[in-house]
Amino acid sequence: MEVYSEKHQIAVAINGFKAKKQTIGLVPTMGALHEGHLQLVKKALSQNDKAVVSIFVNPTQFDNKNDLKKYPRTLNQDVTLLKTISQDRILVYAPTVEDMYGGKTVSEKFDFDGLEFEMEGRFRVGHFDGVGTIVKRFFDIIKPHKAYFGEKDFQQLAIIKKLVEKYKIPVNIVGCKIHREVNGLAMSSRNTRLKPEYKKAAPFIYEILKSAKDQFGTKSAGKVMEWVEKEFSRHDLLELEYFLVADVETLKPVKRKSNKKIYRAFIAVYAGDIRLIDNIALN
Ligand code: PAF
């Protein structure tokens, strides 16, 4: 399996595949790969000739320097895992910060029609400018036919779709279902940093989401929010940052339910110093 660290090298390899009319699926990641990522890679391989997996901990999308410093970096282990899926149809692109940013590690500024100001955008200032900057660069370098993103970062997925629409980037964005541990905890690279007591407590997040979904059938969004806040206020270990019900199109919190709209519940929780997010379809 080839592991590229320079954009010029991977661009040459990609041109070679394109000359043979082969299709490319891109799976952008920050590494510390888990089963959820592997599902994205498998999907990319089922729909394309080759899968490019980018592994890059993107500094400009971290609002918290400590989170950036502590983010797991496990390239050798990631490559070993990818080899279990395919030896010859996956390419890894693991660039350096210099290769991606050329000495100027700053984000472009984007207008995502307001999607960037909701939820994660409120709590992680500049985060989506960082994500938009790096994903746009990956699209430029790899020029994939399709690109795969998990629904765990539902807002990110919506923003990438908006990026592609606004900049008329010729790539098909494929959203993929959330992959969960047996206990319901949404898979995330950050889970490896959970201390045992928090790991044990964290499945509570999905339990709450499932119950919120049940309640949303008969109760108002406001009442469901109140209930969730109360449940977390009684929890000794997990600290709720936000829970809200939003319209999947605008990501704006719902005021009054309409049966013409599709809603999802979104949650962010601190388990010690690890921030976990999750979401669930409601109707
Ligand atoms: O979802 C992630 O891992 C990152 O935000 C992404 C899309 C790879 C951009 O750095």
Side-chain angles (χ1 to χ4, degrees), residues 4-5 7 10 25-41 43-44 51-64 67-75 77-78 81-82 90-97 99-101 105-108 110 112 115-116 119-121 123-142 144 146-164 167 169 171-179 186-193 251 266 268 274-279:
Y4 298 89
S5 59
K7 53 171 149 333
I10 192 150
L26 171 66
V27 182
T29 81
M30 298 206 296
L33 301 184
H34 51 67
E35 192 49 42
H37 292 116
L38 300 188
Q39 293 300 324
L40 301 186
V41 177
K43 187 148 190 178
V52 173
V53 180
S54 63
I55 296 180
F56 180 65
V57 181
N58 174 32
T60 64
Q61 71 187 73
F62 284 81
D63 56 326
N64 178 332
D67 192 23
L68 171 61
K69 203 168 114 205
K70 294 213 170 133
Y71 201 87
R73 288 157 173 92
T74 56
L75 182 60
Q77 192 183 308
D78 293 345
L81 266 179
L82 290 171
I90 301 175
L91 291 79
V92 173
Y93 178 37
T96 57
V97 173
D99 190 53
M100 291 314 291
Y101 285 99
T105 317
V106 287
S107 309
E108 287 172 49
F110 291 95
F112 294 121
L115 292 177
E116 70 275 33
M119 301 184 296
E120 291 298 285
F123 292 92
R124 302 183 71 190
V125 176
H127 171 68
F128 289 117
D129 281 335
V131 171
T133 301
I134 202 69
V135 172
K136 190 159 161 276
R137 284 183 196 181
F138 282 132
F139 287 161
D140 254 17
I141 297 164
I142 313 290
K146 292 191 165 82
Y148 298 79
F149 295 86
E151 285 185 346
K152 185 175 83 70
D153 297 294
F154 193 88
Q155 185 173 13
Q156 168 173 279
L157 172 62
I159 279 178
I160 301 296
K161 286 181 181 161
K162 185 63 82 181
L163 173 85
V164 163
Y167 287 84
I169 304 172
V171 57
N172 218 312
I173 302 302
V174 184
C176 304
K177 294 253 162 303
I178 299 175
H179 209 76
M187 287 201 183
S188 162
S189 304
R190 288 189 172 85
N191 294 354
T192 58
R193 291 178 49 212
L251 301 183
F266 296 87
I274 311 296
R275 188 172 181 277
L276 301 172
I277 59 169
D278 201 348
N279 66 81

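When a residue number appears, it is its place in the shown sequence, counting from 1. Counting starts at 1 for both ligands and their atoms, following the listed order. Quick note: numbers below take in every heavy atom, side chains included, and nothing from hydrogens, waters or symmetry partners. Please read these numbers as outputs of a predicted model, since none were measured by experiment.
In this structure, L68 CG and M30 CE are separated by 9.0 Å, a value rounded to the nearest 0.5 Å. In this structure, the separation between NZ on K43 and CG on L38 is 15.0 Å, given to the nearest 0.5 Å.
The side-chain heavy atoms of F266 and L251, taken from C-beta on, include a pair separated by under 4.5 Å. Residues Q61 and S107 have side chains not in contact (no heavy-atom distance under 4.5 Å, counting atoms from C-beta outward).
Taking the ring axis of Y93 as reference, the NZ or CZ atom of K7 does not stay both within 45° of it and closer than 6.0 Å to the ring centre.
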Self-check item: CA sep, side-chain torsions, deciding dist, call: N58, Y101, side chain to side chain donor-acceptor pair (under 3.5 Å)
Solution: CA-CA 10 Å; N58 174 32; Y101 285 99; 2.5 Å; yes
Extract all N/O-N/O pairs under 3.5 Å that connect ligand 1 to the protein, and present each with both atom names and the distance rounded to 0.1 Å.
from: ligand 1; atom 1: 1 (O); to: Q156; atom 2: NE2; distance (Å): 2.8
from: ligand 1; atom 1: 5 (O); to: Q61; atom 2: NE2; distance (Å): 2.9
from: ligand 1; atom 1: 5 (O); to: Q156; atom 2: OE1; distance (Å): 2.7
from: ligand 1; atom 1: 10 (O); to: Q61; atom 2: OE1; distance (Å): 2.6

